[in-house]
Amino acid sequence: MTWHNYAIPTVLWIFGLVFSAPRIFRLLSAFFTTEEQEVESIEGIPTSELLDHLFTFGTFKRDDIEDKFKIPRYRYTALAKKLKELDVLTSGENNATVLNPDCSREHVASILEGKTTAAELEKPLTIVRPLPSFTRRQIRDSLQETDAKQACNPCAAVCAA
């Protein structure tokens, strides 16, 4: 006895699969997926890989960057323009975009740290404060010199006034 080729159980199985498919999919995807670590990137380029490329090859050629990192030209242009403004990149032989030899890896990493777009890039602040004792000492020394001159020549103080 085939009972109409098991039509009723087949229909019930199809309804069950269709209406519980989202639950089944979530269960299977949670079982098979692993948590991905978020990689810090700027304009779609992982920051660590960008630093490695810059300091390994020393260049920032448009074709190389677009092919290696698979980014569109407008992103390359924005990033290159901003890095040139920050003196990380300079123009080299045949007007090629090359890494500034004065830049260290730590300096470039501090510029790129925590940024996701080229518009966010800015030069890190370096505050140089003059030594306060140095300026006070200069003023004090110059006052002592004028006092010493006036003490040697009392007439000069009257004539200067």
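Count residues from 1 along the sequence. Model, not experiment: these values are computed from the prediction. Below, all heavy atoms of this structure are taken into account, side chains as well, without hydrogens, waters or symmetry copies.
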Enquirer: Work out which heavy atom in G114 is nearest to a heavy atom in E120; give both atom names and the distance.
Expert: O-OE1, 4.2 Å
Enquirer: Hey, does T47 have a side-chain heavy atom less than 4.5 Å from the side chain of E113?
Expert: no
Enquirer: Any non-hydrogen side-chain atom of I42 less than 4.5 Å from a side-chain atom of L79?
Expert: yes
Enquirer: Between F69 and Y76, is the ring-ring contact (aromatic ring centres under 6.0 Å, His included) condition met? List the steps.
Expert: CA-CA 10 Å; F69 299 114; Y76 165 83; over 10 Å; no
Enquirer: Do N94 side-chain atoms and A96 backbone N/O form a donor-acceptor pair below 3.5 Å?
Expert: no
Enquirer: Please round to the nearest 0.5 Å and tell me the distance separating atom CD of E49 and atom CD of E40.
Expert: 12.5 Å
Enquirer: Contact between T117 and E43 at the side-chain level, heavy atoms closer than 4.5 Å - yes or no?
Expert: yes
Enquirer: Check for a donor-acceptor pair, side chain of S20 on one end and backbone N or O of R23 on the other, with a separation under 3.5 Å.
Expert: no
Enquirer: Can you name the nearest heavy-atom pair linking L86 to L121, along with the distance?
Expert: CD1-CB, 3.9 Å
Enquirer: What's the shortest heavy-atom distance between C103 and V108, and which atoms?
Expert: CB-CG2, 4.0 Å
Enquirer: Could you check if a side-chain atom of L89 sits within less than 4.5 angstrom of a side-chain atom of L54, using non-hydrogen atoms only?
Expert: yes
Enquirer: Run the salt bridge (Lys or Arg N to Asp or Glu O under 4.0 Å) check on D52 and R105 step by step: do they pass?
Expert: CA-CA 9 Å; D52 289 342; R105 187 180 183 97; 2.4 Å; yes
Enquirer: Do you know which two heavy atoms are closest between A80 and F60, and how far apart they sit?
Expert: CB-CE2, 3.7 Å
Enquirer: Report the residue from I111, L112, N100 that forms a side-chain contact (heavy atoms from CB on, under 4.5 Å) with V88.
Expert: I111
Enquirer: Hey, could you give me the NZ/NZ distance between K82 and K115, rounded to the nearest 0.5 Å?
Expert: 10.5 Å
Enquirer: Give a yes or no answer on whether the side chain of S29 reaches the backbone of R26 with a donor-acceptor pair at less than 3.5 Å.
Expert: yes
Enquirer: When the ring planes of F19 and F15 are compared, do they come out parallel, tilted or perpendicular, using 30° and 60° as the limits?
Expert: parallel
Enquirer: Is D63 salt-bridged to K68, cutoff N-O under 4.0 Å?
Expert: no
Enquirer: Going by the side-chain contact (heavy atoms from CB on, under 4.5 Å) test, name the single residue among R62, E66, K61 that passes it with D64.
Expert: K61
Enquirer: Tell me, do I65 and I45 make a side-chain contact under 4.5 Å, heavy atoms counted?
Expert: yes
Enquirer: May I ask whether V98 and L83 are part of the same hydrophobic cluster, defined by side-chain heavy atoms of I, L, V, M, F, W, Y residues being less than 4.5 angstrom apart, directly or through others?
Expert: no
Enquirer: Minimum heavy-atom separation for G44 and P46, please, with both atom names.
Expert: O-CD, 3.8 Å
